[in-house]
J.: 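Here you go, one structure.
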Amino acid sequence: STHDPADRARGLLLGAALGDALGAPFEGRSRVPEDLLDELEAGTGELPYTDDTVLTLVLAEHLLDRGAGNGLHEDTLAENFALAWRAEPGRGWGGAVRDVFGEILAGVHWQRAAGRLFGGSGSFGNGGAMRVAPVALVASDVGEAAELGRRSGRITHTHPDGFHGAAVQACAAWLALSGSPDPTTERRRFLDVVAGACGDPRWFSLLEQVDSATGVSTPERAAELLGNDVSAVGSVPLALLTFLLHPDSPREAVRFAIRAGGDTDTVASMAGALAGARCGATALPERQLRRLEGCSRLYELGTELARR
Ligand code: 8NA
Ligand code: MG
Ligand code: MG
Ligand code: MG
């Protein structure tokens, strides 16, 4: 782990984007053979990111614009999300969230647009959680991370599973940045603090399941136990487990998440954000960073957010 806050902030953003970019070619595969991943890592071409990073960037820039202590402004953030989708509709977006963005741009309020998805139950996809990590860079405690996570998630994900999932990932990112509880020696305590800050009973039991899965030896088994799909409850637990198994190696965390299959870009992005936050950008594989789309923008955003 690193003690430099700027390195940690850059690690959070770059870890998220690198996980997304490395995972993207495998999204939807039930399992990912190690040699295919080795081949991608050894390549020299650009590593393009997807919707996960597009929205992470929007949120990070919004938080920077808002300034220290001012949290987020939902109406502005909703519009900025929607504009980012319209600018780059080919980035691999979830099906329902595109409808929300389209309606927002047509003048419908985000609360109404998101709330009427799926017969009024709202989306429980992992889209709120996959973009949430930057809130950890401005929250002053884990409770504020949870609140900003929930609020940023609700803009598109009004189903409780969706926005609580965002809160859980935000809390984990905040703890990973703070370095305490230490995920290497206090796993159980780490998960308890996340569960307590989230406060939702469903996530108490999901995080309980993460704790009981820490004995797994393969990514395939981890996916069997916790899921690896596009729902928040079927992906955030796997990302947390991945971080707890590889807290001191962002590269190993990202590889494990991808080899678990399913929603590979999103799980690897969430796990990469956590390990990157703990270890810093200096711990990320340099050769891959040089291939990462948007690397310098993410690096500068991390530096700026850490300064606030
Ligand atoms: P979302 O809100 O569209 O949710 C994702 C999917 O979850 C939906 O399309 C539904 O199939 C399902 N879903 C969500 N809520 C409900 C519900 N209440 N009832 C029944 N089904 C439901 O999008 P999101 O932003 O949450 O999704 C994030 C995922 O989308 C990430 O994996 C991201 O990478 C992207 N994604 C891209 C592709 C692709 O084509 N490249 C494929 C899957 C996902
Ligand atoms: Mg994606
Ligand atoms: Mg995905
Ligand atoms: Mg660049």
Side-chain angles (χ1 to χ4, degrees), residues 15-30 32 40 47-59 77-78 80-82 84-86 88-104 110-133 149-150 152-170 202 223 226-239 242 254 257-273 292-294 298:
L18 195 58
D20 175 17
L22 288 169
F26 308 107
E27 191 180 29
R29 279 183 180 244
S30 56
V32 177
L40 179 66
L47 295 168
Y49 56 69
T50 76
D51 59 328
D52 309 57
T53 300
V54 172
L55 295 182
T56 299
L57 278 164
V58 170
L59 181 51
L77 185 54
N80 292 346
F81 283 154
W85 162 72
R86 189 170 67 186
E88 300 184 287
R91 291 278 190 181
W93 303 85
V97 80
R98 288 176 297 189
D99 296 343
V100 176
F101 294 148
E103 290 196 44
I104 290 170
W110 56 267
Q111 215 158 7
R112 184 171 158 73
R116 64 186 180 201
L117 287 178
F118 301 102
S121 58
S123 175
F124 54 56
N126 57 22
M130 74 183 184
R131 67 186 183 221
V132 80
R150 269 191 300 273
S152 69
R154 264 202 198 102
I155 293 173
T156 46
H157 293 69
T158 64
H159 191 293
D161 288 351
F163 65 76
H164 285 308
V168 163
Q169 169 67 2
R202 173 119 210 243
L226 300 177
N228 62 0
D229 62 33
V230 298
S231 69
V233 300
S235 57
V236 174
L238 178 59
T242 300
V254 163
I258 294 170
R259 288 178 53 218
D263 195 357
T264 49
D265 62 334
T266 302
V267 177
S269 179
M270 294 189 288
L292 177 65
E293 180 186 9
L298 289 153

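Whatever order the structure lists ligands and atoms in, that order sets their numbers, starting from 1.
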J.: Is there an N/O/S atom in Glu27 that lies less than 2.8 Å from the Mg ion (ligand 3)?
T.: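 Short answer: yes, at least one N, O or S atom is under the cut-off.
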J.: If we set the cut-off at 4.0 Å for heavy atoms, which region of Thr266 has an atom near ligand 1: side chain, backbone, both, or neither?
T.: side chain
J.: State, with a plain yes or no, whether a side-chain heavy atom of Tyr49 is found less than 4.5 Å away from one of Arg91.
T.: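 Sidechains of Arg91 and Tyr49: in contact.
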J.: Below 4.0 Å from ligand 1: does a non-hydrogen atom of Thr50 turn up there or not?
T.: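 Per 4.0 Å heavy-atom rule, Thr50 does not contact ligand 1.
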J.: Considering non-hydrogen atoms only, spot the tightest contact between Ala17 and Leu292 and give its length.
T.: O-CD1, 3.7 Å
J.: Within ligand 1, which atoms have a heavy atom of Asp52 less than 4.0 Å away?
T.: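 Near Asp52, meaning under 4.0 Å from one of its heavy atoms, ligand 1 has 33 (C), 34 (O).
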J.: Could you tabulate the donor-acceptor pairs under 3.5 Å formed by side-chain atoms of residues 226-239, not counting sequence neighbours?
T.:
{"from": "Asn228", "atom 1": "ND2", "to": "Ala260", "atom 2": "O", "distance (Å)": "2.9"}
{"from": "Asn228", "atom 1": "ND2", "to": "Gly261", "atom 2": "O", "distance (Å)": "3.3"}
{"from": "Asp229", "atom 1": "OD1", "to": "Ser231", "atom 2": "N", "distance (Å)": "2.9"}
{"from": "Asp229", "atom 1": "OD1", "to": "Ser231", "atom 2": "OG", "distance (Å)": "2.5"}
{"from": "Ser231", "atom 1": "OG", "to": "Gly234", "atom 2": "N", "distance (Å)": "2.9"}
{"from": "Ser235", "atom 1": "OG", "to": "Asn126", "atom 2": "ND2", "distance (Å)": "3.2"}
{"from": "Ser235", "atom 1": "OG", "to": "Ser231", "atom 2": "O", "distance (Å)": "2.7"}

J.: Are any N, O or S atoms from Asp20 nearer to the Mg ion (ligand 2) than 2.8 Å?
T.: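 Checking the Mg ion (ligand 2) against Asp20, no N, O or S atom falls under 2.8 Å.
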J.: With a cut-off of 2.8 Å, does Asp265 place any N/O/S atom under that distance from the Mg ion (ligand 2)?
T.: yes
J.: The Mg ion (ligand 2) to Thr50: any N/O/S contact under 2.8 Å?
T.: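 Yes, since at least one N, O or S atom of Thr50 sits under 2.8 Å from the Mg ion (ligand 2).
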J.: For Asp265, which part has a heavy atom under 4.0 Å from ligand 1: side chain, backbone, both, or neither?
T.: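 Looking at Asp265 and ligand 1, just side chain atoms fall under 4.0 Å.
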J.: Determine whether any protein heavy atom is located less than 4.0 Å from atom 4 (O) of ligand 1.
T.: yes
J.: How open is the angle at the Mg ion (ligand 2) from atom OD1 of Asp51 over to atom OD1 of Asp52, rounded to 10 degrees?
T.: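 It comes to 80°.
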J.: Looking at the Mg ion (ligand 3), is one of the N, O or S atoms of Thr266 less than 2.8 Å from it?
T.: yes
